[in-house]
Undergrad: 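Quick one: this structure, given as structure tokens, is what I'll be asking you about.
Side-chain atoms are counted along with the backbone in the values below, which use heavy atoms only and exclude waters and symmetry mates.
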Amino acid sequence: ASLPVEINQLTTLTTLHASNNNFQGTVPLPILTLPLLHTLSLSNNKIEDWWPDLNNKNNHFFTGLISLDLRANKLRKVGKSVGRMTSLRLLDLGNNSITEISSEIEKLTSLHTLNLDSNPLSVLPLELTKLTSIRRISASNISVFEENAENKEVKILSGDRVQ
């Protein structure tokens, strides 16, 4: 399944729920060009890779995105481009295969809720402690953060959730 390229003509679209569509590979690229999109749900697909790490500083993709739901996909890592979503308040990445989170996540200064439940993470990046607006981090088997100054990560020790 795929989204038609013509979706990029919906320049006033603010909300897109495209869950359960059997999308595979990366987040469908036509979505990246929707300038007013603030809510995006792509849960329960087969997305394996984050969108491209875009280096063009003039590219404003997803800068107005407030809510992103990518739970129940096949994501393995959170790429550097996550740092471009500076307006994001809710990020749901639960039930994926994430083992790596880019340090760029520290740029999500508006983030209130982060769901990482049911991912095979063994450590969380120390950069999560820089999220000054965070109210809830949900991740299976986390109750205590332990800083490891050598590799700047936070170790998961035990428990259910950090809230």
Undergrad: Enumerate, atom names and distances included, each donor-acceptor pair closer than 3.5 Å involving a side-chain atom of residues 91-98, sequence neighbours excluded.
TA:
{"from": "D92", "atom 1": "OD1", "to": "G94", "atom 2": "N", "distance (Å)": "3.1"}
{"from": "D92", "atom 1": "OD1", "to": "N115", "atom 2": "ND2", "distance (Å)": "2.8"}
{"from": "D92", "atom 1": "OD2", "to": "R71", "atom 2": "NE", "distance (Å)": "3.2"}
{"from": "N96", "atom 1": "OD1", "to": "N73", "atom 2": "N", "distance (Å)": "3.1"}
{"from": "N96", "atom 1": "OD1", "to": "K74", "atom 2": "N", "distance (Å)": "3.2"}
{"from": "N96", "atom 1": "OD1", "to": "L75", "atom 2": "N", "distance (Å)": "3.0"}
{"from": "N96", "atom 1": "ND2", "to": "L70", "atom 2": "O", "distance (Å)": "3.0"}
{"from": "N96", "atom 1": "ND2", "to": "L93", "atom 2": "O", "distance (Å)": "3.0"}
{"from": "N96", "atom 1": "ND2", "to": "G94", "atom 2": "O", "distance (Å)": "3.2"}

Undergrad: Going by the side-chain contact (heavy atoms from CB on, under 4.5 Å) test, name the single residue among I31, L40, L34, N8 that passes it with L13.
TA: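 Answer after filtering I31, L40, L34, N8: L34.
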Undergrad: Output all residues satisfying side chain to side chain contact (heavy atoms under 4.5 Å, CB included) with S41, sequence neighbours left out; order by chain, then residue number.
TA: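 S41: side chain to side chain contact (heavy atoms under 4.5 Å, CB included) contacts with H17, S19, S43, D69.
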Undergrad: Can you give me the closest heavy-atom contact between V82 and L108, atom names plus distance?
TA: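 What the structure gives for the nearest pair is O-CD2, 3.2 Å.
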Undergrad: Salt bridge (charged side-chain N to carboxylate O under 4.0 Å, His left out) with E48: which residues, sequence neighbours excluded?
TA: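 Checked E48 against salt bridge (charged side-chain N to carboxylate O under 4.0 Å, His left out); matches are R76.
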Undergrad: Within the 4.5 Å heavy-atom criterion, are R89 and L111 side-chain neighbours or not?
TA: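 With C-beta onward as the side chain, the pair stays apart.
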Undergrad: Which residues pass the side chain to side chain contact (heavy atoms under 4.5 Å, CB included) test with L90, not counting sequence neighbours?
TA: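 Scan of L90 (side chain to side chain contact (heavy atoms under 4.5 Å, CB included), adjacent residues dropped) gives S67, T113.
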Undergrad: According to salt bridge (charged side-chain N to carboxylate O under 4.0 Å, His left out), who are the partners of K46, at least two apart in sequence or on a separate chain?
TA: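 K46: no salt bridge (charged side-chain N to carboxylate O under 4.0 Å, His left out) contacts found.
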Undergrad: Can you run down the salt bridge (Lys or Arg N to Asp or Glu O under 4.0 Å) pairs that involve residues 99-112, sequence neighbours left out, and say none if there aren't any?
TA: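 Qualifying pairs: E104-K107, E106-K130.
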Undergrad: Name all residues meeting the side chain to side chain contact (heavy atoms under 4.5 Å, CB included) criterion together with N20; count only those two or more places apart in sequence or in a different chain, and write none if there are none.
TA: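 Checked N20 against side chain to side chain contact (heavy atoms under 4.5 Å, CB included); matches are N44.
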Undergrad: Should L114 and L116 count as side-chain neighbours, where that means a heavy-atom distance under 4.5 Å?
TA: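 They are in side-chain contact.
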Undergrad: Taking side chain to side chain contact (heavy atoms under 4.5 Å, CB included) as the test, write out the residues that go with T86, two or more places apart.
TA: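 Here no residue qualifies.
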